[in-house]
Amino acid sequence: MRLFLILSVFFAVTPHAALATPDVSHNSRTLHRVRWIQDIHTKKSNVVSHKKLLLPQSANRTLLRTSTIPAQMDETQHLGSSELHEVEGADIQAVIDFLKEKSVVVDSIALAAGNFVSPERASQAKGTEVNDEVKTLISSGPAANRIDIVFMGDGYTASEKEKFFADINRLVDDMFLGNTFKSYLPVFNVHAVFRPSGQSGIGKGKPGNTAYGLYREGDTLRAIFPGDPSALRDSCNQAPDCDYPVVIANDSLYGGLGGEFAISTSSMQSGTVVLRHELGHNFGRVGEEYDGGGYFGANHADDVDTIGWQHWAVESSTNIQEESMIARYLAWPWHQFQEGQESQFEANFKSNGQYSRTSIRFSASGFDEPGSLDISLDGVRLQFTEPTSEDRTFVDIDLPQGLTAGDHRLIFSATSRSPSTDASMDTSRNPSMDTTATRGQWLSSLTVHEYAANFPDSPDVISAFPVFDEFRSVAGFRPTNESCLMRNMTHEHFCRVCQENNWNKFLNKIDLIDSASAIKGTTGIISGEVSTIALGKFRQLGEGPAGERVEIHWFGDGKELLEFRDYNRWEAKSPVMVQRLEVEVKLVSPEIRRDSLGNTTQRIIVRTIAQVH
């Protein structure tokens, strides 16, 4: 895949000559962003970063903007014991006052002076600085008014630098030129930071000699943990900005983590699958939609009466209601198939015989040979699409009938196979390092659900679909059945509720207007110009939904100047005699139906510049 740099220059066609873009760098302010980790039990806080960015004077940052997300999100460990908090604003004293209100201990003088260094970085020995190599892959606009995503890699040695950039470009292409994030692309800048590791691959059981100390806990393909978060923050801050840090492990198999860092691997099969799900958490500040996870945010409601997505249900043929389904079995077995009795896994459950169809979903790894896995339900062999790789694979088995009343037995049987003899997979010389070595055959997760006859199975239906806790009790509700990648990781799309929520989160961090200016002659304003985020007719990046548009309205002394509507550049045939010139930009998108904070409209006073003769 290609490494690409995109610089966007976008203007609408106007009936007059183009104007030179005025230099606004001298008329700027500073945006301050502070992040801290807080233990949810002791409430002890640790400030981990302070970032300063230059803002144009037109930036609408008068209010503090805050967000919170669990510091780590593992598929089976719920929401963890700590949270990542963020506050940003142009008024450093307001930021400091907010931190004090939240009982966050910080050196206010150093923070105000811009000399703050996190305690963990200050405690590190001098002389350990590393020269990171930073490349900008996608540039859509100024860092202070874009969402900056920073990719870092762990377990890539100096000789694997080109592999790192190739892996990152492939993932970026999959993520941002593919279906998942393409409509958001004009608000993104994407950067890659390379820091060489001493060893190839990541740690097993503990961090190895790598740049950031990523490691797995064992042979199961699940969470990958960061051993050195401080080094990750340091590298991320080498990029022009770092809103969302991403870490890619130099590992060919499944693994990842959500929270402060979105972690995935370079796996050709599962790298993108994991990463888009983890970024879904981080972008939307939401929890899981699959059963047995941790739930919070816009894609979750505790009960039907508190659902926040009613405005998306108007096209549904049914009103929002609790849809009838039940979880019969729900577990993460992490069962390794071995010779003898361990060559099988048995799941036992009951049914009342009152449902109309059944769904079995499981994930497994190590089954790369045809016929290496058999599944039977109550002694009847099931037909299913077999996994075809060593990597962790998700499989669905849909049965057109419900279960009979009584006890049921679901058996997974694995065939034995010879261990790999590939010398490249030998870990004897570095037993602490993880590799692509054969880990055996594993059953990772398993769920069994039944559905009522009137259960709405269409992906377009938005309603109240139950999620179940580890005890198979209803733990709340999600918007759709299986049409969101936050529930079904193999899906490429967000549901409409999550898609809108992501937009709202992005637009709360940035402004629609990059800059605006006008030239004033001796008798009035003779021209105006506004630079916006390149959405609607200004798009050059990504693909927007049908019906997306950007409206531009100019106002003189409070009255709209209709002759300049929807022009981002204009020259007046005769001077406009007004004292106060304003411009309003509005984003209209079928992906956003509710904007409770008013972020889809921005109106500012236009800075005027005297005409130069």
Side-chain angles (χ1 to χ4, degrees), residues 6-29 54-62 139-142 144-146 185-187 507 510-542 544 546-589 592 595 598-613:
I6 303 176
L7 299 176
S8 295
V9 180
F10 46 92
F11 297 106
V13 177
T14 66
H16 303 288
L19 303 176
T21 303
D23 180 10
V24 297
S25 60
H26 66 281
N27 200 6
S28 304
R29 297 176 296 161
L54 202 62
L55 288 173
Q57 193 64 33
S58 61
N60 181 25
R61 306 298 171 90
T62 56
S139 178
S140 66
N145 198 39
R146 293 299 185 273
L185 192 53
V187 307
L507 294 175
I510 60 178
D511 297 323
L512 291 173
I513 299 174
D514 282 326
S515 63
S517 62
I519 295 178
K520 187 175 184 179
T522 56
T523 59
I525 295 175
I526 59 176
S527 64
E529 178 180 337
V530 60
S531 176
T532 74
I533 292 179
L535 299 167
K537 65 182 178 181
F538 304 124
R539 267 189 184 266
Q540 290 189 344
L541 299 177
E548 178 189 83
R549 68 181 190 274
V550 171
E551 298 178 354
I552 300 176
H553 303 270
W554 295 87
F555 297 87
D557 295 334
K559 184 179 180 180
E560 184 175 2
L561 305 173
L562 296 175
E563 64 270 32
F564 305 133
R565 177 178 288 184
D566 289 334
Y567 284 117
N568 63 330
R569 285 182 171 189
W570 53 267
E571 291 182 4
K573 294 180 179 179
S574 58
V576 180
M577 307 293 291
V578 297
Q579 296 299 315
R580 178 187 176 100
L581 181 67
E582 297 173 285
V583 65
E584 179 181 280
V585 173
K586 181 178 182 179
L587 171 63
V588 179
S589 170
I592 306 172
D595 171 25
N599 291 317
T600 54
T601 301
Q602 184 185 5
R603 184 166 171 171
I604 65 170
I605 299 174
V606 179
R607 182 172 61 93
T608 58
I609 304 170
Q611 183 180 26
V612 178
H613 296 282

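Values below: every heavy atom of this structure, side chains too, minus hydrogens, waters and symmetry copies. One-based numbering along the sequence shown.
Counting heavy atoms from C-beta outward, I592 and L507 have side chains that approach closer than 4.5 Å. The shortest distance between side-chain heavy atoms of T532 and L512 does not fall below 4.5 Å. By the 4.5 Å heavy-atom criterion applied to side chains, P142 and D514 are counted as neighbours. Contact check for K586 versus V588: side-chain heavy atoms found under the 4.5 Å cut-off. When side chains are defined from C-beta on, I533 counts as touching R146, because their heavy atoms get closer than 4.5 Å.
Distance check, rounded to the nearest 0.5 Å: CD of E582 to CD of E560 gives 11.5 Å. The distance from atom CZ of R565 to atom CD of E551, rounded to the nearest 0.5 Å, is 8.0 Å. Taking CD1 of I609 as the reference point, atom CD1 of I525 lies at 11.0 Å (rounded to 0.5 Å). Between F564 atom CZ and E571 atom CD the span is 10.0 Å, to the nearest 0.5 Å. Atoms CZ and CD, from R607 and E529 in turn, are 10.5 Å apart once rounded to the nearest 0.5 Å. The CG atom of L541 sits 9.0 Å away from the OG atom of S139 when rounded to the nearest 0.5 Å.
When all heavy atoms are compared, the tightest approach of G542 to L185 is N-CD2, 3.4 Å. Of all non-hydrogen atoms in G556 and V578, the two that sit nearest each other are CA-CG1, 3.7 Å. The two atoms that bring V606 and A518 nearest to each other are CG1-N, 3.6 Å, heavy atoms only. Of all non-hydrogen atoms in S140 and P186, the two that sit nearest each other are OG-O, 3.1 Å.
Every salt bridge (charged side-chain N to carboxylate O under 4.0 Å, His left out) that E548 has, sequence neighbours left out, goes to R539. Every residue two or more places apart in sequence or in another chain that forms a side chain to side chain contact (heavy atoms under 4.5 Å, CB included) with I552 is listed here: V530, F538, V550, W554, D566, N568, V583, V585.
Judged by distance alone, the side chain of D557 and the main-chain N or O of Q579 form a donor-acceptor pair under 3.5 Å. Without hydrogens or angle criteria, Q602 side chain to I513 main chain gives a donor-acceptor distance under 3.5 Å. For N145 (side chain) and I510 (main-chain N/O), no donor-acceptor pair under 3.5 Å exists by modelled atom type.
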